[in-house]
Every structure is written in structure tokens, then in C-alpha cells.
*Asks:* 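I'd like to ask you about the structure that follows.
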Amino acid sequence: MASEKVETIIAGNYVEMETEEGNSKPVESKLSNFFWHGGSVYDAWFSCASNQVAQVLLTLPYSFSQLGMLSGILFQLFYGLMGSWTAYLISVLYVEFRTRKEREKVDFRNHVIQWFEVLDGLLGKHWRNAGLFFNCTFLLFGSVIQLIACASNIYYINDNLDKRTWTYIFGACCATTVFIPSFHNYRIWSFLGLLMTTYTAWYLTIASLIHGQVEDVKHSGPTKMVLYFTGATNILYTFGGHAVTVEIMHAMWKPQKFKLIYLIATLYVLTLTLPSASAVYWAFGDMLLNHANAFALLPRSGFRDVAVILMLIHQFITFGFACTPLYFVWEKFVGMHDTKSLYKRALARLPVVIPIWFLAIIFPFFGPINSTVGSLLVSFTVYIIPALAHMLTFASASARENAVERPPSFLGGWAGLYSMNIFVVGWVLVVGFGFGGWASMLNFIQQVNTFGIFTKCYQCPHKTK
């Protein structure tokens, strides 16, 4: 009975919103809503699965060459489960925050709840500031990575322009995401995005198996600690895509149904990442150490061109996923979040794209930048902070007694949950941030020393005249 009351409270405003938008809309509007307005469990699943694996699909074989086959597979399984756990914690904290606020008659119909606001409401301003800093910085560089990936991929279809020029072009294209209002409006894009990554993953797998192993192929990884932990943090980054969990939940009609969605999305993503990374590494081995993008080693074909084009479209979608929370933060900062005019909001959002564009031109290091962002930002944003926040939120006996969501029974109650959270914090702090930060920064500095910042064409083959 109590859970039914909670569901009514949480879902209430969404029911009102649907009613207000009315049933008297013409057929064209209903068709538009079918493609444009999503808030179901399925929409959330597509959003999570589509957003979790994008350009990183192309860098996982590179990580396997650093880690070796066995460690690569084990780290994917391990970080996939750990990411699903902390996404669950974020969902619990969101439901707890929203339930408390709606019991106080707070109306969220014209306001998108974000992670830093959840931390503020549950733990105070210092936690809000920490969440705001790490989340925004991670999403900023997440957007930068998508832009770098666009330039890196298109080069394998058209190398008449260097990668920096392609970055200018795709920066302008990705700026059009300012016109997408919220995560409600990613329904068709999330669905198509997942189809695109599914095609690309199986193209990489099948093309590598058909190609076979290159002559004198070597699988010597792991050989150096620096490379080992760099590869591990790229996988940490891969399964740390839940920085937008709160915004995806807020777009749901019944957000309390989210808790297992991310785990199911992760299980599907593993069916894409494990076969593709294993097959490419099996075929090309140590050659991947100097080719962070898997497309670089596969022969040109119509199938490869289709995969490149689909990934370009998907990276545009993922750019929007990463940037939309930044747009919300900026709108709130400049006082435009409640503005109903789409064009005024779009104009207000444009300044967010400029630093992303600029950073993508300065640091075009496709592959190494993933590990750096993973160790320094993802480790705190979606692993350490959610686990600590959950423990502190329910530290008192009264908070545990009145919790909206209780710990899963198979964990052994609150003691098991706290043990799990302490393990996550300890592991990610030492292995992800500590060793991973050391290794990825050394690797990143090596890229700067080798290629320089503002390099025109990172890892491009020398053209013969």
C-alpha cells in the first residue's frame, strides 16, 4: 500500500501534464508525439543503452591491446556491473528527493530536476557544488569526445580534409542540438541510435573474423603498467555513461520504475562490446596500440562506410545527450529555464557549444582522452559521489526507517548495501582515480609531446605524393 502511495505522488505531475496536453489533439500532433515525446520504461531503456556506448565502441579494441584479452573481458563485466549499481543508487536518491519535495507540494512541471539539485536537497550546498562541478565538467568533455570522434570517423571516408577541419564542420552541425528541448524528445533518436551502434558492433565483429589475423600477429598485452591502467580506465569510462540518469528519469512518466533499466541496458551493451572488441583485437593484435580507432585497420568497403556514417549520426545524438544537461544548467544560470519559447532557449544555449568546439580542436586525441576523462572525472561523477551520497543520506536510523526504496533483500539489508558502497568507493578511488589517473595522464602527456596541441590530423597516415 505504501509503495502505491509513493507511485501516485511521484507520477502525479506527469499524469497531470498528459491530461493538460489533452486528448483533443489532431492526428498530426498525435503522430508527432509518437515519435517525439517519450516517457515510458522502453524510452528510458533505449536512452540508456544508446547513450552508454557510442564512439567508445571504436576504442575498446585499443583498450584490449593495452590490457590483453582476458583482462579486457573481465574489466568490461566488472565495470558493467559496478556502473549498473551506482546508476541504481542515483535512481534511489532521485526518487527519495522527489518524493520528499512533492510531499511538500513542490511542483516540477516546468522544471527539470538535475543531479546537483538532488544532492542539494538531500545533503546541502557543498555536495551540490561538488556534484555540479564534476557532472558539468564530465559532460563538457563527454561532448568534446563526441566531436573528436566525428572528425576521426569521417576521415576514413573522406581524407581530402584534415581532422581539424572536419571538427570545425561537425561543431557547427552539433550546435543544432540546442533546438531539442529535453530528454522527452529523444524517443526516435534513442531508438535509431541503438540500431546504429548494433550494426557497427556486429560489422566490427564479422569484418574482423572474415579478414582473419594479420601476418605475424602479436597479442603481447599487458606489457606496461601505464598501458594497463590506461586501458582499464577507458572501460571505466565506457560504463560510466549514467551522468544523465536523473534527466532520463525525470523524462519518465513513472521514474520509480527506472531502477533495473540501466542493468538491462548494460547487459545488452555487453553483447555489442565484448564480441566486437575481442574480434578486432584477435585479428590485429598489437597494431591497435597505434590505432585508437578500430576503423583505421579494417579495409575500405561499403559495409565500413555505412558503419562510419551511422556512427557519425549516433555521435550527433550522443552529443545532444551529453550537452542537454549542460543546456539546462546554463538556462537556470541565465534565468531562461522557465521560458516557453524554444527559439529563445536555443539562442541562450549556444554559448555552451563554443568551449566544447574549442577544446575538441586543442586536444584531438581520440582514445587517450577517454581514459583521462574516465579516471579524473567519471570516477567521481558516477561512482564515488553517488555511493558516498547514498551512505550519508541514509546514515541516520530515521532516514533508513522512512526510506522510499529499501535495499535489495539479496544484499543482506542495509549492512550489505553499505559494504557494497564502501567497496565501490575504495576500488574506484585507488584503482580508477589513483592508478588510472597516473597512467592516463602520462599517456595523455605523451600524446601532447608527440603530436602537439592543435594538431591538424591526429594519427593520420602520411600521404604519399
Side-chain angles (χ1 to χ4, degrees), residues 48 51-57 59-60 62-63 66-67 75-91 114-116 119 130-149 228-248 262 265-266 269 273 292 318-319 321-323 325-326 356 359 363 365-390 421 423-441 443-444:
C48 289
N51 182 53
Q52 189 175 130
V53 59
Q55 52 73 38
V56 77
L57 188 68
T59 66
L60 285 173
Y62 167 66
S63 295
Q66 297 169 320
L67 288 163
F75 268 116
Q76 280 204 40
L77 295 171
F78 178 66
Y79 282 134
L81 290 173
M82 188 179 285
S84 300
W85 172 253
T86 53
Y88 165 74
L89 297 180
I90 292 170
S91 74
Q114 294 189 266
W115 175 232
F116 70 92
L119 292 173
L132 187 61
F133 170 78
F134 280 106
N135 214 45
C136 288
T137 311
F138 166 47
L139 291 171
L140 178 78
F141 278 97
S143 304
V144 168
I145 288 168
Q146 299 309 319
L147 200 48
I148 293 170
Y228 188 82
F229 286 107
T230 300
T233 49
N234 186 39
I235 296 177
L236 180 82
Y237 168 84
T238 302
F239 294 99
H242 44 291
V244 294
T245 296
V246 168
E247 288 83 359
I248 291 173
Y262 197 86
T266 297
V269 165
T273 57
T318 311
F319 182 95
F321 265 111
C323 242
L326 295 177
I356 294 169
L359 287 167
F363 304 117
F365 309 128
F366 185 72
I369 194 172
N370 293 16
S371 299
T372 308
V373 171
S375 61
L376 302 182
L377 297 172
V378 175
S379 56
F380 283 95
T381 305
V382 294
Y383 292 101
I384 295 173
I385 289 178
L388 286 175
H390 191 277
N421 285 346
F423 172 78
V424 169
V425 172
W427 177 276
V428 177
L429 195 61
V430 174
V431 178
F433 176 70
F435 287 108
W438 162 74
S440 59
M441 281 305 298
N443 190 35
F444 190 83

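Basis for what follows: all heavy atoms, side chains included, without hydrogens, waters or symmetry-related copies. Positions are given from 1, in the same order as the sequence printed here. What you see is a predicted model; the values in this text were computed from it and never measured.
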*Asks:* Compare every heavy atom of Pro386 with every heavy atom of Thr381, then report the nearest pair and how far apart it is.
*Replies:* O-CD, 3.4 Å
*Asks:* Verify the distance criterion only: is there a donor paired with an acceptor across the side chains of Thr230 and Gln66 at less than 3.5 Å?
*Replies:* no
*Asks:* Using the rule ring pair (Phe, Tyr, Trp, His ring centres under 6.0 Å), only one of Tyr383, Phe380, Phe433 pairs with Phe134; which is it?
*Replies:* Phe380
*Asks:* Quick one: are Cys136 and Leu326 in side-chain contact, heavy atoms under 4.5 Å?
*Replies:* yes
*Asks:* For the CG atom of Asn370 and the CZ atom of Phe444, what is their distance to the nearest 0.5 Å?
*Replies:* 10.5 Å
*Asks:* Return the minimal non-hydrogen interatomic distance between Val373 and Phe141, and the atom names on each side.
*Replies:* CG2-CB, 3.7 Å
*Asks:* Under 4.5 Å between any side-chain heavy atoms of Thr238 and Val269, yes or no?
*Replies:* no
*Asks:* side-chain contact (heavy atoms from CB on, under 4.5 Å) with Val382: which residues, sequence neighbours excluded?
*Replies:* His242, Ala243, Val378
*Asks:* Is it the case that the side chains of Ser440 and Thr233 hold a donor-acceptor pair, with the cut-off being a distance below 3.5 Å and no angle test?
*Replies:* no
*Asks:* Go through Asn443 and Ser371 one step at a time and tell me if the side chain to side chain donor-acceptor pair (under 3.5 Å) criterion holds.
*Replies:* CA-CA 9 Å; Asn443 190 35; Ser371 299; 5.8 Å; no
*Asks:* Identify the heavy atoms of Phe363 and Ile148 that sit nearest to each other, and give their distance.
*Replies:* O-CD1, 3.0 Å
*Asks:* For Val431, enumerate each residue passing the side-chain contact (heavy atoms from CB on, under 4.5 Å) test, keeping only those at least two apart in sequence or located in another chain.
*Replies:* Tyr79, Phe229, Trp427
*Asks:* Going through the checks in order, is the side chain to side chain contact (heavy atoms under 4.5 Å, CB included) test met by Gln114 and Asn135?
*Replies:* CA-CA 10 Å; Gln114 294 189 266; Asn135 214 45; 5.9 Å; no
*Asks:* Go through the structure and list residues passing side-chain contact (heavy atoms from CB on, under 4.5 Å) with Thr266, not counting sequence neighbours.
*Replies:* Gln52, Ser84, Phe239, Tyr262, Leu270
*Asks:* Within a 6.0 Å radius of atom CZ on Phe435, are there more than 12 heavy atoms belonging to other residues, nucleotides or ligands?
*Replies:* no
*Asks:* Of the non-hydrogen atoms in Val425 and Ala387, which two are nearest, and what is the gap between them?
*Replies:* CG2-CB, 3.6 Å
*Asks:* Out of curiosity, Ile235 CD1 to Ser63 OG, how far, rounded to the nearest 0.5 Å?
*Replies:* 5.5 Å
*Asks:* Closest approach of Gly432 and Ser375, non-hydrogen atoms and distance?
*Replies:* O-CB, 3.4 Å
*Asks:* Could you go step by step and tell me if Tyr237 and Leu377 meet the side chain to side chain contact (heavy atoms under 4.5 Å, CB included) rule?
*Replies:* CA-CA 9 Å; Tyr237 168 84; Leu377 297 172; over 6 Å; no
*Asks:* Are any of the side-chain heavy atoms of Ile385 and Trp115 separated by less than 4.5 Å?
*Replies:* yes
